[in-house]
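Report on the following structure.
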Amino acid sequence: MSVNNTEKPISELKGIGPSRTELFGKLGLFTLNDALNYLPRSYIDGTRIRKTSELSDGETAFLHLKVVKEPTVSRIRKGLSIVNVRCEDETGGINACFFNQPYRKTAFCTGQEVYFYGRFSLKGKRLAVQSVYADKPGIMPVYSVCRGINQRLIRDVIASAWEKIGGSLTETLPKSLRMKYALPEINFCMENIHFPTSVEAMGEARRRLAFERLLNYFLRLRLYSDRLKRSNGIRFDTEGLYEEFSALMPFELTRAQKRTMRELEADMQKALPMNRLIQGDVGSGKTAAALYCMFIAVKNGCQAVLMAPTEILAEQHYTQLKRLFGDKACLITGSMKKAERDDALLRVRDGRAMAIAGTHALFQKGVEYKRLGAVIADEQHRFGVAQRAAIAQKGGEHDASTGGRLTPDTLIMSATPIPRTLSLFLYGDLDLSVIDELPPGRKPVRTHIVPESRRDDMYGFVENAARRGEQTYVVCPLIDEDEESSDLRSVTEVFEELSKKLSVGVGLLHGQMKKADRDEVIERFRCGELSVLVSTTVIEVGVDVKNAAVMVIEAAERFGLAQLHQLRGRIGRGDKQSYCFLLGKNPEQNERLNTLVKTADGFEIAKKDLEMRGPGEFFGERQHGASDLALLREYADMRTLKQAYEAADSVVDAANTSEYAADANEYAADANEYAFIMRRAEKEFEESSMRLTLN
Ligand code: ADP
Ligand code: MG
């Protein structure tokens, strides 16, 4: 009964008509169950009421205030009005402000008591109010939303969904696991995820959710690696190829590159499919290893694909493939024109295309390989197990002895250094090669934390660099649409400001731009016509412009260290001295940012990040959604990760040894439950890799 209810469409809820149904569809919310599983991005703790005297600049907080004067409204400039409400608490006065909401003027009167949530700025003792409450607020979830859906609407929908199905959800974790790890029951969990009754209850709920998802992830990982171990790979002949390949490279390979290539070469000779991870800091030259892997496959008459997380990077790879493989090179991305794409698909199907670069479009419906021998995923932490399985299923050569297909070799590359403690859990099934050496002649990037007061000096530096012919990236964080952006500048704002301020060519690049426009901007930057590129983190992965020697990172405190390190790796690629400037809220006091100033060692930085922010950072970015773990960013800690890993072991063991079950009743119950969740994981795994393959 509850099962059916959870699958009911959200359009059955009050207030959800066709247009809202469509909007929610964009967020992936179709059923009541989807609504409940839409997890908050963060929480605002309204149980902690702060005092005006203890606020520091830039902080967001709840205040309990008394209105002391009638509100006033003032027009700053055309299109911007501010309603100012003078308030106070026992510790002092504060100016509560509402931007562009003139109706607020009549909403408050002298003597009234209110709860405000907002961002405090020391200048003018101002609170930029984000929400107003008549009663003492509780703990409030904050969801990711899109245009047309605000926090109130999504909270309402989730609340109505809960009203219909809450309390009747069927437990999905075996009781023994819940007991062993003290995890709350599912209804308690979902209720406290969306409507926390206390900080503690919310913490328990989040722990359970993280545990369950990680457990499923580990089970899928097991299933995948077991399957891989049972499958037959291709024995590649590598005789003389290394010499031939290295002669084609425009540079001398580093020792670490050579070692890595020898390791993957040895894998490729074996009948067992290769399942290897290359970790190497940004700029360490992983691409050369990928190209060698493709070279071996192609020389053996097999196709090889190189998959990148962004189109920009895929296109860059394609340029390299053309150089090495001539007209056997090919590109497949999602935004290609139909005619172009059809042609590419045909060439892949009939085998004219042998070395293929692309995005995840490489393994979507309609892409058929003639003889796939090797698959390389660049920047792997964005690809989940399901994706890996889906590509492997695309299959290679026919195996005459079994009639089945041979499994292609897979090589995964990651520039995000992952501390060993964590990578054992996340990528423990992979063999590891480490490129721990940078190509010669690189000068470490000089990194500085720049106080707001020196911003103009910094721009002067950027202009001077441009006169010397050195280019600059200006990186801005993504801003959620619902976010109060009074002190955060969007990429477009920064671009407009710099276009006016700087006397050199400035370009704008972000993910929402049309592909043609993006291409044009990148090309203009690459060829030097633009000196400054204002961008979101779309440049994070792999973009390679040797002349770029300066990077400015806005609101640096919003990024993870590993990500900042990755960004910084975009510069310092030529022989010039490069500079990275970090801007942001109180950056001088930021211990994390100081790590970046002090060290250039990616592993060192990653360790610090893990210590200070927990493992979430390493699960990939939410916006990419592709990672199995993206949702867990804010949910999982190391302890839960270890517990889920251990639990996965016991589930696999128990599911495999069902003969014990006959003896002990207690154990039999467990084993059945374990076998059940194992089967469920298997089913989910099949479904998700099917969804990705679909042909
Ligand atoms: P990664 O993908 O590991 O971040 P890339 O493969 O993009 O790094 O290489 C970074 C830059 O270094 C590229 O411009 C590449 O041509 C260059 N490069 C790679 N290996 C060497 C080498 N052995 N000697 C000199 N330059 C190299
Ligand atoms: Mg790379």
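Just so you know, ligand 1 is whichever comes first in the structure, and atom 1 is the first atom listed for that ligand.
Contacts of Met249 with ligand 1, taken as heavy-atom pairs under 4.0 Å, are absent altogether. Counting heavy atoms under 4.0 Å from ligand 1, residue Lys258 does not touch it at all.
Counting the atoms of ligand 1 from 1 in the order shown, those under 4.0 Å from a heavy atom of Glu252 are 22 (C), 23 (N), 24 (N). Close contacts between ligand 1 and Ser284 involve ligand atoms 3 (O), 8 (O) [criterion: under 4.0 Å to a heavy atom]. Near Leu253, meaning under 4.0 Å from one of its heavy atoms, ligand 1 places the atoms 23 (N).
Residue Pro440 has no nitrogen or oxygen atom sitting less than 3.5 Å from a nitrogen or oxygen atom of ligand 1, judged on distance alone. Polar contact check, Gly283 against ligand 1: a nitrogen or oxygen pair lies under 3.5 Å apart.
In Lys576, the NZ atom is crowded: over 12 heavy atoms of neighbouring residues, nucleotides or ligands sit closer than 6.0 Å.
Remark: the backbone N or O of Asp237 is paired with a side-chain donor or acceptor of Asn300 at under 3.5 angstrom. Not one N or O on the side chain of Glu470 forms a donor-acceptor pair closer than 3.5 Å with the backbone of Ala549.
For Arg255, the closest heavy-atom approach to ligand 1 does not fall below 4.0 Å.
The shortest side-chain heavy-atom distance between His448 and Met458 does not fall under the 4.5 Å cut-off.
Between Glu611 and Arg592, no side-chain nitrogen of the basic residue sits less than 4.0 Å from a carboxylate oxygen of the acidic one, so the salt-bridge criterion is not met.
Ring geometry, Tyr292 versus Tyr242: the interplanar angle exceeds 60°, so the pair is classed perpendicular (tilted spans 30 to 60°). By the 30° and 60° cut-offs, the orientation of the rings of Phe295 relative to Phe325 is tilted.
Nearest to atom 5 (P) of ligand 1 by heavy atom, out of Leu313, Thr287, Thr254, is Thr287. Taking all heavy atoms of Arg442, Gln320, Glu437, Gln279 into account, the minimum distance to atom 17 (C) of ligand 1 is reached by Arg442.
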